[in-house]
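Report on the following structure.
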Amino acid sequence: MLMKYDSTCHLAQEVAENIHERNRQKRTGGNPSKPNVTIRASLQRLQEQISQLKDSLLRSLSTRQITQLEADRRQNLVDDLLTRERQLQTSFKKDGTEPDMMRSTLMSRDPSTGPTNPWLMEEPEETKGLDFGEIKHQQQRIIQEQDAGLDALVTVIARQKQMGQDIGNELEEQNEIIDDLTHLVDKTDCRIQNETRRVKLVDKKSASCGMLVVIVLLLIAIVVVAVWPRS
């Protein structure tokens, strides 16, 4: 993304120079048709690159590769590019010369020192003095560390999930045991009730038999008493 931003800034500067050259040719009576075609294509490419920068910024923020503070700072830079692109569009459509103020803004960099990188303004100590390749390598290392942390978190979550499944299986087994015990208790209660009814029947029969024995004995006694005097 850093290299993309630099490339977009270079393109904006190139468009400004082409507009200035076209205006110069118009003042000197030249034909601006060919420069206009080149400028129009460059402006189209500038719009596409700015759109790509916006998409890349959104992806970096959504995947947490950068902090919200860094995202806000980069968004301001993208907004500056959008403002510059609109200024270039306005300047391209004008028939007059390019405003000196905009040209001084777009072309105020010292060619010998190369373009500055506003993405690295107020950068932390960890990235100071590093070129794009080193910063990219550092970001890749950070992403790898984050991936390792995510892998460890996934492992912990998987272990906890397995523990939850084991606990769930054990609870199901315990519920089955409880259901079996409940069924056995119900069957035992039914058996006890049946046996109780049988005991009551036996008690009634025993009582009836006892009464019959007493009656029989009484009859025998009466018969013996009745017969005894005759003897």
Side-chain angles (χ1 to χ4, degrees), residues 1-2 4 51-79 119 122-127 130 132-231:
M1 188 172 180
L2 305 178
K4 189 70 173 179
S51 178
Q52 291 172 5
L53 278 174
K54 291 171 63 177
D55 294 340
S56 178
L57 178 59
L58 290 175
R59 285 195 301 270
S60 297
L61 182 60
S62 62
T63 55
R64 300 183 182 276
Q65 296 181 10
I66 58 176
T67 62
Q68 183 63 50
L69 182 62
E70 178 65 13
D72 292 340
R73 190 173 67 83
R74 295 189 179 190
Q75 182 62 54
N76 291 333
L77 296 173
V78 173
D79 291 340
W119 291 99
E122 300 179 1
E123 61 179 331
E125 293 294 334
E126 292 80 1
T127 59
L130 301 179
F132 291 144
E134 292 172 336
I135 293 174
K136 181 179 180 182
H137 178 72
Q138 186 183 69
Q139 289 180 341
Q140 289 176 346
R141 179 176 56 81
I142 293 173
I143 292 174
Q144 289 175 355
E145 292 176 355
Q146 292 176 345
D147 289 341
L150 289 175
D151 291 339
L153 181 60
V154 169
T155 302
V156 173
I157 293 174
R159 188 182 301 114
Q160 292 178 343
K161 179 181 179 180
Q162 185 61 42
M163 291 175 60
Q165 291 177 346
D166 293 340
I167 292 173
N169 294 334
E170 185 174 353
L171 287 175
E172 289 180 358
E173 293 177 358
Q174 296 293 335
N175 289 333
E176 291 177 359
I177 294 174
I178 291 173
D179 291 339
D180 292 340
L181 289 175
T182 303
H183 181 65
L184 290 174
V185 168
D186 292 338
K187 289 179 65 177
T188 302
D189 184 60
C190 290
R191 290 179 180 178
I192 291 174
Q193 291 177 358
N194 292 332
E195 294 299 327
T196 300
R197 285 194 294 269
R198 290 178 182 178
V199 169
K200 288 180 179 179
L201 290 174
V202 170
D203 289 341
K204 289 181 180 179
K205 290 180 179 180
S206 298
S208 299
C209 291
M211 289 295 295
L212 289 174
V213 170
V214 171
I215 292 172
V216 170
L217 291 175
L218 285 173
L219 290 173
I220 294 172
I222 291 171
V223 171
V224 171
V225 171
V227 175
W228 181 263
R230 295 178 183 178
S231 302

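In what follows, every heavy atom counts, from backbone to side chain, and hydrogens, waters and symmetry copies are set aside. As the structure is a computational prediction, the values presented were derived from the model and not from experiment.
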Measure the spacing between [atom1] of [X] and [atom2] of [Y] and express it to the nearest 0.5 Å.
X	Y	atom1	atom2	answer
Gln146	Arg141	CD	CZ	11.0 Å
Ile143	Thr63	CD1	OG1	7.5 Å
Thr188	Leu181	OG1	CG	10.0 Å
Ile215	Ile220	CD1	CD1	12.0 Å
Gln174	Ile167	CD	CD1	12.5 Å
Leu150	Thr155	CG	OG1	10.5 Å

Identified side chain to side chain contact (heavy atoms under 4.5 Å, CB included) counterpart of Thr182 within the set Val185, Leu184, Ile178: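 Among Val185, Leu184, Ile178, the one that satisfies the side chain to side chain contact (heavy atoms under 4.5 Å, CB included) with Thr182 is Ile178.
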With a 4.5 Å limit on heavy-atom distance, are the side chains of [X] and [Y] in contact?
X	Y	result
Asp179	His183	no
Arg74	Val78	no
Asp55	Ser51	yes
Gln160	Val156	yes

Over 12 foreign heavy atoms within 6.0 Å of CD, Glu170: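 No, because the 6.0 Å sphere around CD of Glu170 holds 12 heavy atoms or fewer from other groups.
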So for atom CZ, which belongs to Arg191, do other residues, nucleotides or ligands contribute more than 12 heavy atoms lying within a distance under 6.0 Å?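 Not more than 12 within 6.0 Å, no.
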Assess the residue pair Lys54 and Leu58 against the criterion (side-chain contact (heavy atoms from CB on, under 4.5 Å)); give the C-alpha distance rounded to whole Å, side-chain angles, the decisive distance to 0.1 Å, and a yes or no. CA-CA 6 Å; Lys54 291 171 63 177; Leu58 290 175; 5.6 Å; no
Asn169 side chain to Glu173 side chain, donor-acceptor N/O pair below 3.5 angstrom: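 Not at all, the side chains of Asn169 and Glu173 share no donor-acceptor pair under 3.5 Å.
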